[in-house]
Amino acid sequence: MAIAWSETAASMEALSLSPPMSPPVILTQDELKKIAAYKAVEFVESGMVLGLGTGSTAKHAVDRIGELLRQGKLSNIVGIPTSKKTQEQAVSLGIPLSDLDNYPTIDLAIDGADEVDPHLNLVKGRGGSLLREKMVEGACKKFVCIVDESKLVKHLGGSGLALPVEIVPFCWKFTANKLQKLFQGSDCVAKLRNDGEGKPFVTDNGNYIVDLYLKKEMGDLQVASDAILRIAGVVEHGMFLDMATTVIVAGELGITIKDK
Ligand SMILES: O=C(CO)[C@H](O)[C@H](O)COP(=O)(O)O
(Lines give C-alpha, C1' and ligand atoms only; values in the text may rest on other atoms or scores of the structure.)
Protein backbone atom coordinates (compact mmCIF):
# COMPACT_ATOMS: atom_id res chain seq x y z
CA MET A 1 0.00 0.00 0.00
CA ALA A 2 1.57 3.31 -0.99
CA ILE A 3 0.75 6.41 0.98
CA ALA A 4 0.59 9.55 -1.13
CA TRP A 5 3.06 12.30 -0.53
CA SER A 6 0.26 14.43 1.00
CA GLU A 7 -0.12 11.92 3.84
CA THR A 8 3.63 11.74 4.18
CA ALA A 9 3.66 15.51 4.32
CA ALA A 10 1.21 15.23 7.21
CA SER A 11 3.58 12.76 8.84
CA MET A 12 6.37 15.23 8.31
CA GLU A 13 4.28 17.98 9.90
CA ALA A 14 3.65 15.65 12.87
CA LEU A 15 7.40 15.30 13.11
CA SER A 16 7.69 19.11 13.01
CA LEU A 17 9.40 18.80 9.63
CA SER A 18 8.23 21.58 7.32
CA PRO A 19 5.82 20.09 4.74
CA PRO A 20 6.71 20.83 1.12
CA MET A 21 5.33 24.02 -0.34
CA SER A 22 5.90 22.69 -3.85
CA PRO A 23 7.53 19.42 -5.06
CA PRO A 24 8.75 17.13 -2.27
CA VAL A 25 11.73 18.37 -0.29
CA ILE A 26 14.80 16.18 -0.28
CA LEU A 27 14.80 14.40 3.05
CA THR A 28 17.90 13.11 4.74
CA GLN A 29 18.24 9.36 5.30
CA ASP A 30 17.71 9.91 9.02
CA GLU A 31 14.52 11.91 8.41
CA LEU A 32 13.22 9.04 6.27
CA LYS A 33 14.14 6.57 9.03
CA LYS A 34 12.24 8.71 11.53
CA ILE A 35 9.15 8.86 9.30
CA ALA A 36 9.13 5.06 8.92
CA ALA A 37 9.65 4.60 12.65
CA TYR A 38 6.84 6.95 13.65
CA LYS A 39 4.50 5.22 11.19
CA ALA A 40 5.30 1.85 12.77
CA VAL A 41 4.59 3.15 16.27
CA GLU A 42 1.02 3.83 15.10
CA PHE A 43 0.60 0.04 15.37
CA VAL A 44 1.41 0.16 19.11
CA GLU A 45 -1.54 -0.14 21.52
CA SER A 46 -1.62 0.29 25.32
CA GLY A 47 -1.09 -2.98 27.15
CA MET A 48 1.17 -4.45 24.47
CA VAL A 49 4.37 -6.42 25.01
CA LEU A 50 6.79 -4.86 22.52
CA GLY A 51 10.00 -6.10 20.94
CA LEU A 52 12.29 -3.05 20.88
CA GLY A 53 14.70 -3.13 17.95
CA THR A 54 18.30 -1.99 17.61
CA GLY A 55 19.93 0.48 15.24
CA SER A 56 19.45 4.08 14.16
CA THR A 57 15.98 3.49 12.67
CA ALA A 58 14.65 1.49 15.62
CA LYS A 59 16.06 4.17 17.95
CA HIS A 60 13.49 6.62 16.56
CA ALA A 61 10.68 4.13 17.25
CA VAL A 62 11.83 3.57 20.84
CA ASP A 63 12.13 7.34 21.35
CA ARG A 64 8.58 7.77 20.01
CA ILE A 65 7.20 5.06 22.31
CA GLY A 66 8.87 6.77 25.25
CA GLU A 67 7.39 10.12 24.20
CA LEU A 68 3.85 8.70 23.93
CA LEU A 69 4.23 7.05 27.34
CA ARG A 70 5.32 10.38 28.84
CA GLN A 71 2.36 12.14 27.19
CA GLY A 72 -0.02 9.53 28.63
CA LYS A 73 -1.06 8.48 25.12
CA LEU A 74 0.25 4.95 25.78
CA SER A 75 0.20 2.95 29.02
CA ASN A 76 0.93 -0.53 30.42
CA ILE A 77 3.65 -1.18 27.84
CA VAL A 78 6.33 -3.83 28.49
CA GLY A 79 9.44 -3.62 26.32
CA ILE A 80 11.67 -6.58 25.42
CA PRO A 81 14.97 -5.03 24.24
CA THR A 82 17.05 -6.65 21.48
CA SER A 83 20.38 -5.28 22.74
CA LYS A 84 22.05 -3.77 25.78
CA LYS A 85 22.13 -0.47 23.86
CA THR A 86 18.36 -0.48 23.36
CA GLN A 87 17.91 -1.56 26.97
CA GLU A 88 19.86 1.52 28.12
CA GLN A 89 17.85 3.76 25.79
CA ALA A 90 14.53 2.31 27.03
CA VAL A 91 15.56 2.70 30.69
CA SER A 92 16.44 6.37 30.05
CA LEU A 93 12.96 6.84 28.55
CA GLY A 94 11.16 5.15 31.43
CA ILE A 95 9.86 2.26 29.31
CA PRO A 96 9.17 -0.73 31.60
CA LEU A 97 11.32 -3.69 30.52
CA SER A 98 11.31 -7.45 30.86
CA ASP A 99 12.61 -10.43 28.87
CA LEU A 100 11.59 -13.49 26.89
CA ASP A 101 11.68 -15.75 29.96
CA ASN A 102 8.82 -13.71 31.43
CA TYR A 103 7.09 -12.88 28.12
CA PRO A 104 7.68 -15.79 25.68
CA THR A 105 5.07 -14.33 23.32
CA ILE A 106 5.38 -10.74 22.15
CA ASP A 107 2.57 -8.72 20.57
CA LEU A 108 4.60 -6.52 18.25
CA ALA A 109 8.25 -5.94 17.42
CA ILE A 110 9.55 -2.90 15.57
CA ASP A 111 13.06 -3.07 14.15
CA GLY A 112 15.18 -1.93 11.24
CA ALA A 113 17.04 -3.94 8.63
CA ASP A 114 20.11 -3.71 6.42
CA GLU A 115 18.44 -5.22 3.35
CA VAL A 116 14.84 -6.04 2.37
CA ASP A 117 14.05 -8.20 -0.67
CA PRO A 118 10.70 -8.22 -2.55
CA HIS A 119 9.53 -11.20 -0.45
CA LEU A 120 10.14 -9.23 2.81
CA ASN A 121 13.15 -11.39 3.65
CA LEU A 122 15.72 -9.36 5.55
CA VAL A 123 19.38 -9.08 6.24
CA LYS A 124 19.98 -7.75 9.72
CA GLY A 125 22.84 -7.67 12.15
CA ARG A 126 25.26 -5.14 10.76
CA GLY A 127 24.93 -3.48 14.13
CA GLY A 128 25.94 -6.72 15.82
CA SER A 129 22.63 -7.56 17.54
CA LEU A 130 21.27 -10.27 15.25
CA LEU A 131 21.00 -13.08 17.82
CA ARG A 132 18.84 -11.26 20.33
CA GLU A 133 16.89 -9.61 17.49
CA LYS A 134 16.14 -12.99 15.89
CA MET A 135 15.11 -14.48 19.26
CA VAL A 136 12.79 -11.56 20.08
CA GLU A 137 11.36 -11.14 16.58
CA GLY A 138 10.90 -14.89 16.29
CA ALA A 139 8.63 -14.72 19.36
CA CYS A 140 6.38 -12.00 17.94
CA LYS A 141 2.85 -12.18 16.63
CA LYS A 142 3.69 -9.21 14.38
CA PHE A 143 7.10 -7.94 13.31
CA VAL A 144 7.05 -4.52 11.65
CA CYS A 145 10.33 -3.77 9.90
CA ILE A 146 11.18 -0.11 9.28
CA VAL A 147 13.58 1.06 6.62
CA ASP A 148 14.42 3.94 4.36
CA GLU A 149 14.26 3.12 0.65
CA SER A 150 18.05 2.64 0.38
CA LYS A 151 17.64 -0.77 2.10
CA LEU A 152 15.53 -2.29 -0.73
CA VAL A 153 17.39 -4.95 -2.77
CA LYS A 154 16.38 -7.43 -5.47
CA HIS A 155 18.28 -10.29 -3.82
CA LEU A 156 19.64 -10.65 -0.27
CA GLY A 157 23.40 -10.44 -0.18
CA GLY A 158 23.29 -8.93 -3.64
CA SER A 159 24.14 -5.39 -2.56
CA GLY A 160 27.79 -6.31 -2.09
CA LEU A 161 27.29 -5.60 1.57
CA ALA A 162 27.97 -8.15 4.25
CA LEU A 163 25.87 -10.97 5.60
CA PRO A 164 26.73 -10.92 9.32
CA VAL A 165 27.25 -14.30 11.03
CA GLU A 166 27.62 -14.62 14.81
CA ILE A 167 30.23 -17.25 15.76
CA VAL A 168 31.89 -18.41 18.95
CA PRO A 169 35.34 -16.92 19.67
CA PHE A 170 36.92 -20.35 20.09
CA CYS A 171 39.01 -20.99 16.91
CA TRP A 172 36.99 -18.35 15.08
CA LYS A 173 39.31 -18.39 12.05
CA PHE A 174 38.57 -22.11 11.61
CA THR A 175 34.84 -21.33 11.54
CA ALA A 176 35.34 -18.33 9.25
CA ASN A 177 37.22 -20.53 6.76
CA LYS A 178 34.40 -23.07 6.80
CA LEU A 179 31.95 -20.25 5.99
CA GLN A 180 34.14 -18.92 3.20
CA LYS A 181 34.33 -22.40 1.58
CA LEU A 182 30.54 -22.65 1.68
CA PHE A 183 30.18 -19.75 -0.75
CA GLN A 184 32.71 -19.93 -3.56
CA GLY A 185 34.75 -16.77 -3.94
CA SER A 186 33.28 -15.16 -0.85
CA ASP A 187 35.27 -13.21 1.70
CA CYS A 188 34.81 -13.64 5.42
CA VAL A 189 36.08 -10.77 7.54
CA ALA A 190 35.92 -10.37 11.32
CA LYS A 191 33.86 -7.36 12.38
CA LEU A 192 36.15 -5.09 14.40
CA ARG A 193 35.36 -2.72 17.25
CA ASN A 194 35.07 0.86 16.07
CA ASP A 195 37.68 2.12 18.52
CA GLY A 196 40.41 1.82 15.90
CA GLU A 197 42.41 -0.69 17.94
CA GLY A 198 41.73 -3.52 15.49
CA LYS A 199 40.24 -5.81 18.13
CA PRO A 200 37.30 -8.07 17.28
CA PHE A 201 33.80 -6.72 17.98
CA VAL A 202 32.24 -8.71 20.82
CA THR A 203 28.46 -9.12 20.82
CA ASP A 204 26.19 -8.72 23.87
CA ASN A 205 26.41 -12.51 24.11
CA GLY A 206 30.24 -12.66 24.20
CA ASN A 207 30.57 -13.91 20.62
CA TYR A 208 32.26 -12.58 17.47
CA ILE A 209 30.67 -11.44 14.21
CA VAL A 210 32.17 -12.28 10.84
CA ASP A 211 30.96 -10.42 7.77
CA LEU A 212 30.41 -12.72 4.80
CA TYR A 213 30.88 -10.86 1.50
CA LEU A 214 29.25 -12.90 -1.25
CA LYS A 215 30.46 -12.62 -4.80
CA LYS A 216 27.14 -13.79 -6.23
CA GLU A 217 23.54 -14.23 -5.15
CA MET A 218 22.88 -17.01 -2.66
CA GLY A 219 20.25 -18.82 -4.68
CA ASP A 220 17.84 -20.70 -2.39
CA LEU A 221 17.97 -18.69 0.82
CA GLN A 222 16.64 -21.47 3.05
CA VAL A 223 19.24 -23.90 1.71
CA ALA A 224 21.96 -21.30 2.35
CA SER A 225 20.60 -20.62 5.83
CA ASP A 226 20.55 -24.31 6.76
CA ALA A 227 24.09 -24.81 5.40
CA ILE A 228 25.46 -21.91 7.47
CA LEU A 229 23.80 -23.13 10.66
CA ARG A 230 25.19 -26.65 10.18
CA ILE A 231 28.73 -25.35 10.69
CA ALA A 232 29.79 -26.06 14.30
CA GLY A 233 30.91 -22.77 15.79
CA VAL A 234 28.20 -20.75 14.06
CA VAL A 235 25.64 -19.36 16.51
CA GLU A 236 23.27 -17.52 14.13
CA HIS A 237 23.29 -15.51 10.90
CA GLY A 238 21.68 -12.29 9.74
CA MET A 239 19.15 -13.63 7.24
CA PHE A 240 15.66 -13.17 8.69
CA LEU A 241 13.59 -15.31 6.33
CA ASP A 242 9.80 -15.15 6.38
CA MET A 243 9.85 -13.28 9.72
CA ALA A 244 8.69 -9.73 8.93
CA THR A 245 4.91 -9.45 8.72
CA THR A 246 5.03 -5.84 7.55
CA VAL A 247 7.74 -3.63 6.09
CA ILE A 248 7.35 0.15 6.19
CA VAL A 249 9.52 1.92 3.63
CA ALA A 250 10.03 5.70 3.76
CA GLY A 251 11.18 7.21 0.48
CA GLU A 252 11.39 10.57 -1.27
CA LEU A 253 7.94 10.00 -2.76
CA GLY A 254 6.25 8.92 0.45
CA ILE A 255 5.67 5.91 2.67
CA THR A 256 5.02 2.41 1.34
CA ILE A 257 3.61 -0.30 3.59
CA LYS A 258 4.25 -3.84 2.38
CA ASP A 259 2.35 -6.63 4.10
CA LYS A 260 3.21 -10.34 3.96
O1 LIG B 1 20.02 -5.48 12.62
C2 LIG B 1 20.38 -4.45 13.14
C3 LIG B 1 21.39 -4.39 14.23
O4 LIG B 1 21.94 -5.65 14.53
C5 LIG B 1 19.81 -3.13 12.68
O6 LIG B 1 18.40 -3.16 12.84
C7 LIG B 1 20.16 -2.95 11.23
O8 LIG B 1 21.58 -3.04 11.11
C9 LIG B 1 19.65 -1.62 10.67
O10 LIG B 1 20.32 -0.59 11.35
P11 LIG B 1 20.00 0.94 10.95
O12 LIG B 1 18.56 1.18 11.29
O13 LIG B 1 20.94 1.73 11.83
O14 LIG B 1 20.29 1.09 9.48
Side-chain angles (χ1 to χ4, degrees), residues 15 27-41 50-65 79-90 106 108-117 120-140 142-153 156-157 159-167 189-194 200-213 225 228 234-251 255:
L15 304 180
L27 297 171
T28 66
Q29 186 182 29
D30 192 57
E31 284 168 336
L32 291 174
K33 291 180 174 185
K34 189 171 184 177
I35 288 170
Y38 276 46
K39 194 70 190 171
V41 174
L50 295 175
L52 304 178
T54 297
S56 58
T57 313
K59 180 182 180 301
H60 286 305
V62 176
D63 281 340
R64 180 66 170 160
I65 291 165
I80 313 293
T82 55
S83 67
K84 290 179 180 175
K85 187 172 185 183
T86 296
Q87 181 176 336
E88 289 161 12
Q89 177 193 6
I106 295 171
L108 168 67
I110 300 174
D111 202 355
D114 300 300
E115 292 182 358
V116 181
D117 80 2
L120 308 196
N121 293 313
L122 315 176
V123 165
K124 286 179 56 53
R126 283 192 195 128
S129 305
L130 65 92
L131 178 60
R132 296 191 183 191
E133 289 173 322
K134 195 172 270 192
M135 290 177 71
V136 170
E137 282 134 30
C140 288
K142 187 177 176 70
F143 169 22
V144 176
C145 180
I146 49 179
V147 294
D148 67 278
E149 59 189 354
S150 72
K151 306 297 185 70
L152 300 182
V153 296
L156 293 194
S159 64
L161 295 172
L163 172 64
V165 182
E166 183 157 343
I167 66 174
V189 180
K191 180 181 175 72
L192 301 179
R193 293 189 326 200
N194 55 16
F201 171 87
V202 179
T203 69
D204 287 346
N205 320 299
N207 297 315
Y208 289 170
I209 295 272
V210 288
D211 286 326
L212 194 51
Y213 292 88
S225 170
I228 292 171
V234 168
V235 178
E236 191 48 84
H237 60 68
M239 284 192 283
F240 285 48
L241 306 180
D242 197 26
M243 291 182 68
T245 47
T246 300
V247 174
I248 297 177
V249 185
I255 295 177

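Indexing begins at 1, ligand by ligand and atom by atom, following the structure's order. All residue numbers in this chain count up from 1 along the given sequence.
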Nearest 0.5 angstrom please: L50 CG to L108 CG, how far?
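L50 CG to L108 CG: 5.5 Å, rounded to 0.5 Å.
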
Below 3.5 Å, N or O to N or O, backbone or side chain included: is there any such pair between A58 and ligand 1?
no

Within the 4.0 Å heavy-atom shell around [X], which atoms of ligand 1 are there?
| X | answer |
| --- | --- |
| D111 | 6 (O) |
| G128 | 4 (O) |
| K124 | 1 (O), 2 (C), 5 (C), 6 (O) |
| G112 | 6 (O) |
| G127 | 3 (C), 4 (O), 8 (O) |
| K151 | 11 (P), 14 (O) |
| R126 | 8 (O) |

What closest approach, in Å, do M239 and K134 show between heavy atoms, and which atom pair accounts for it?
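Distance-wise, the nearest heavy atoms are O-NZ, 2.7 Å.
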
Might you point out which heavy atoms bring D204 and S83 nearest each other, and give the distance in Å?
OD2-CA, 3.3 Å

Less than 4.0 Å is my threshold; does some heavy atom of K33 fall inside it relative to ligand 1?
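For ligand 1, residue contact (heavy atoms, under 4.0 Å) with K33 is present.
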
For [atom], what's the nearest protein heavy atom and its distance?
| atom | value |
| --- | --- |
| atom 11 (P) of ligand 1 | S56 OG, 3.4 Å |
| atom 5 (C) of ligand 1 | T54 O, 3.1 Å |
| atom 8 (O) of ligand 1 | D114 OD1, 2.7 Å |
| atom 12 (O) of ligand 1 | T57 OG1, 2.7 Å |
| atom 2 (C) of ligand 1 | E133 OE2, 3.2 Å |

Examine the side chains of E236 and N207 and answer whether a donor and an acceptor come within less than 3.5 Å of each other.
no

Report yes or no: do D30 and T28 form a side-chain donor-acceptor pair below 3.5 Å?
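Absent: no donor and acceptor within the cut-off.
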
Looking at E133 and K124, would you say the former's side chain and the latter's main chain have a donor-acceptor pair under 3.5 Å?
no

Under a 3.5 Å distance rule, please check whether K151 uses its side chain to pair with a backbone N or O of A113 as donor and acceptor.
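The answer is yes, because a donor-acceptor pair under 3.5 Å joins these two groups.
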
Could you tell me whether E115 and R126 make a salt bridge, using a distance below 4.0 angstrom between a side-chain N and a carboxylate O?
yes

How far apart are the C-alpha atoms of T82 and S129, what are their side-chain angles, what is the distance that settles it, and do they pass the side-chain hydrogen bond (donor to acceptor under 3.5 Å, both in side chains) test?
CA-CA 7 Å; T82 55; S129 305; 5.9 Å; no

Just heavy atoms, cut-off under 4.0 Å: does A113 contact ligand 1 by side chain, backbone, both, or neither?
backbone

Over 12 foreign heavy atoms within 6.0 Å of NZ, K85
no

